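Note sheet for the following structure.
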Amino acid sequence: MAPSSPPRRITEALTTLSSSTSPGYLPVKQFQKKENPDIIPPRAVPKKHHDFWTAQPLSPEEDLEKKLLLESIAWPETPPLPTPLSLMETSCPAKSSFTILPQSGDGQWHVGDKLKVLIKMYDFQGHPKKSGGDVLFARLHNLTLGAGVVGKVEDHLNGTYSAVFSLLWEGSAWVEVTLVHPSEAVTVLRRWTSEQPIRVYHKSLFRSGSVSETTICTIFLRSTDQPLCNYTDLHTGDPWFCFKPKNLTCDTRINHSNRQVIQYLKANEEKLFQLGVNMKVSIPASGPASVTVLPRQQGQVVVNSNNVESGPSGYYYHGAWQTLTGTKVQQFNTPSAITQCLKGKVVHLQGDSTIRQWFEYFSGALPGLKEFDLHSQKKIGPLMTVDIPNNILVTYRCHGPPIGFPDVPISELRYIANELDNVVGGTDTVVIFGIWAHLAIFPVEVYIRRLQTIRRAVVRLLNRSPGTVVIIRTANPKALMLERTLTNNEWYTLQNDKVLRAIFKGLNVYLLDAWEMVLAHHLPHDIHPPPPIIKNMINVILSYICPMKGG
């Protein structure tokens with residue numbers, strides 16, 4: 001049954017944003033050294049029946065970068081939905097299969113080789129699919145060895161796909177291919193993004209004395225029968241609007257609160273988003289699902305991400321994450337080892353709850369860190385812990401809107417770019433941020449704009465304090481359910497993740513690849529990764545902060 005219609009004001013909110021077009025990562029290094037300070041005009045008084053909001057114009061370089069980014073993340077065309085809609089002509093993981101392709105030469109696999117897999121998609125009737133666009137994940141693993149690595153999937157646009165894996169350990173290596181979303185589900189998501197770019201809206205409470213009102217807020221609003229309050233940030237230009245309360249002024253806003261989902265599924269479209277049927281379901285092998293990997297052959301080139309185009313960033317072995325290029329990951333297994341690394345450091349953590357997980361890890365792992373009670377909400381912050389004898393300070397603060405936390409005081413709605421501009425920086429300063437989970441509810445253009453403003457602030461920080469350690473967390477796969485899938489699913493997140501990597505490429509920053517660290521692990525996907533993965537992430541972070549000499 002189709003959901004009830006949302007309020008009329010919301011259905012009128014926003015014009016369609018452009019969609020993206022062509023695969024691969026974008027080399028945008030040429031845009032990353034230029035700063036384009038924002039110049040924000042005075043806030044205009046909203047008028048009824050007037051679409052007054054226009055995004056602050058991007059610089060020519062950033063506008064070109066945005067267009068190239070959209071081209072780089074374009075998804076293949078997906079098939080129209082059959083009418084009436086049934087599953088019979090849609091991608092079926094149970095009827096599909098993958099085949100390990102024979103190895104050339106002596107037919108044996110060695111450490112350092114590539115394993116190639118052919119994936120063939122079929123519908124529920126057993127007919128081969130003729131078009132691409134399915135969302136597929138691929139992983140190679142050995143549970144006994146605690147080993148795992150992500151495979152690269154290529155769409156051949158005809159119902160077949162290839163997955164390529166780097167062979168990085170001796171012994172058994174098992175292939176796992178997962179259908180995350182059928183191409184027909186992407187058709188729905190693509191239509192929904194076009195017709196209803198705002199999939200979620202937030203609320204704010206306004207209060208003065210005994211009078212209080214709650215109104216709808218989001219990034220874009222078109223005023224029809226109600227004036228708007230414009231809360232666009234004067235420094236970054238990040239837009240935010242609320243419908244003005246009828247009996248109160250805009251400066252009486254006191255909080256930012258939970259979001260509400262708008263659903264536009266048509267009849268039977270929910271069948272395309274069924275766990276165990278066609279969403280996050282393993283695809284069976286048509287023959288052997290594993291190979292035996294022999295030791296590296298004499299003279300064979302060692303695999304790393306420098307000599308393998310678009311290769312994995314790392315892999316698990318004996319449960320520990322190993323990088324394939326750059327900083328060697330050390331194991332910080334004791335509180336004293338972590339304390340020694342952080343001694344004399346100020347660590348600022350900013351972002352969503354997946355960043356707050358790291359703050360909570362440090363607080364729990366280090367007995368010497370004592371919380372300084374700022375009388376703030378634990379989910380929102382600001383939070384602060386200190387170890388005075390070792391001169392360690394660790395802070396956390398949530399990022400600015402959109403954020404899905406309940407009842408965030410207006411005073412705590414801080415944009416990451418502005419917070420970075422307030423950091424003095426230096427060799428004793430570490431800045432860690434992650435912003436992804438709450439932004440995937442909007443079109444990717446919104447995410448691009450937000451990251452561009454943050455990048456400018458990172459450039460400013462590194463220019464004035466080159467020794468500052470900056471670490472950026474990527475997105476990660478998560479558990480899916482119908483509501484979350486429609487507003488914030490892997491298809492949206494995957495595109496945003498590519499954008500983030502491209503925008504910060506070439507800067508003197510570290511990227512923590514949460515995407516691969518979750519996807520390569522055997523534990524179930526969760527927006528908040530479980531403790532074994534978090535411990536590995538902390539080891540990566542500390543290795544960036546305290547790299548081995550010569551490592």
Side-chain angles (χ1 to χ4, degrees), residues 1-21 49-55 66 70 73-75 77-81 83 85 133 135 181-204 215-226 228 238-243 257-273 279 401-404 436-450 480-496 499:
M1 184 174 66
S4 58
S5 299
R8 178 169 60 89
R9 295 192 304 269
I10 295 302
T11 63
E12 295 173 341
L14 192 38
T15 57
T16 302
L17 295 177
S18 58
S19 55
S20 32
T21 57
H49 308 293
H50 178 58
D51 185 13
F52 71 92
W53 180 81
T54 302
K66 183 187 77 169
L70 292 175
I73 64 171
W75 201 257
E77 287 301 315
T78 52
L81 301 183
T83 304
L85 177 59
V135 184
H181 292 301
S183 55
E184 292 79 12
V186 175
T187 299
V188 173
L189 297 173
R190 180 175 268 156
R191 185 202 77 223
W192 201 18
T193 300
S194 174
E195 294 178 357
Q196 186 61 37
I198 294 183
R199 301 182 286 272
V200 172
Y201 61 88
H202 299 71
K203 297 179 288 186
S204 273
T215 74
I216 291 167
C217 305
T218 190
I219 283 184
F220 310 102
L221 286 173
R222 176 179 294 141
S223 181
T224 54
D225 57 353
Q226 189 173 349
L228 303 180
D238 288 302
W240 194 256
F241 298 91
C242 297
F243 283 112
S257 199
N258 282 347
R259 57 194 187 183
Q260 189 169 343
V261 177
I262 308 169
Q263 291 191 10
Y264 276 103
L265 286 180
K266 296 180 180 179
N268 296 321
E269 286 183 347
E270 71 279 358
K271 293 179 179 179
L272 296 170
F273 302 93
M279 186 167 72
I403 189 94
W436 62 278
H438 299 258
L439 270 291
I441 61 175
F442 292 103
V444 68
E445 289 89 340
V446 174
Y447 194 55
I448 291 172
R449 178 187 178 84
R450 180 66 59 90
L480 295 179
M481 58 192 74
L482 181 60
E483 178 181 309
R484 180 177 293 171
T485 297
L486 294 175
T487 59
N488 190 348
N489 63 66
E490 314 293 50
W491 183 66
Y492 297 130
T493 305
L494 183 58
Q495 294 171 81
N496 283 8
V499 163

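Along the sequence shown, residues are numbered consecutively beginning with 1. On a predicted model such as this, the values are computed, not experimentally measured, just so you know.
In this structure, OG in Ser183 is found 11.5 Å from CG in Leu189, a value given to the nearest 0.5 Å.
Looking at Lys266 and Leu85, their side chains never come closer than 4.5 Å, going by heavy atoms from C-beta outward. By the 4.5 Å heavy-atom criterion applied to side chains, Tyr447 and Gln495 are not counted as neighbours. In this structure, the side chains of Glu445 and Pro197 stay at 4.5 Å or more apart for every pair of heavy atoms.
The minimum heavy-atom distance between Arg450 and Pro401, with the atom names listed, is NH2-O, 2.6 Å. Nearest heavy-atom pair across Ile198 and Phe220 is CD1-O, 3.2 Å. Looking at every heavy atom in both residues, Met279 comes nearest to His181 through SD-CE1, 3.7 Å.
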Steps toward side-chain contact (heavy atoms from CB on, under 4.5 Å) verdict (Trp75, Val135): CA-CA 10 Å; Trp75 201 257; Val135 184; 3.6 Å; yes
Criterion side-chain contact (heavy atoms from CB on, under 4.5 Å) on Leu480 and Phe273, from CA distance to verdict: CA-CA 9 Å; Leu480 295 179; Phe273 302 93; over 6 Å; no
Residues Ile219, Phe241; criterion side-chain contact (heavy atoms from CB on, under 4.5 Å); working and verdict: CA-CA 6 Å; Ile219 283 184; Phe241 298 91; over 6 Å; no
Worked verdict on His202 versus Ile403 for side-chain contact (heavy atoms from CB on, under 4.5 Å): CA-CA 9 Å; His202 299 71; Ile403 189 94; over 6 Å; no
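Judged by distance alone, the side chain of Trp192 and the main-chain N or O of Leu265 form no donor-acceptor pair under 3.5 Å. Under the 3.5 Å distance criterion, the side-chain polar atoms of Asn496 are left unmatched by any main-chain donor or acceptor of Val499.
Residues satisfying the side-chain contact (heavy atoms from CB on, under 4.5 Å) criterion with Thr187, sequence neighbours excluded, are Thr78, Pro79, Leu81. Legend: residues meeting side-chain hydrogen bond (donor to acceptor under 3.5 Å, both in side chains) with Thr215, ordered by chain and number and at least two apart, are absent. Under the side-chain hydrogen bond (donor to acceptor under 3.5 Å, both in side chains) criterion, Glu269 pairs with Arg191, sequence neighbours left out.
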Please report, to 0.1 Å, the donor-acceptor pairs under 3.5 Å made by any side chain of residues 437-444, with sequence neighbours excluded.
unit_1, atom_1, unit_2, atom_2, d
His438, ND1, Gly404, N, 2.7

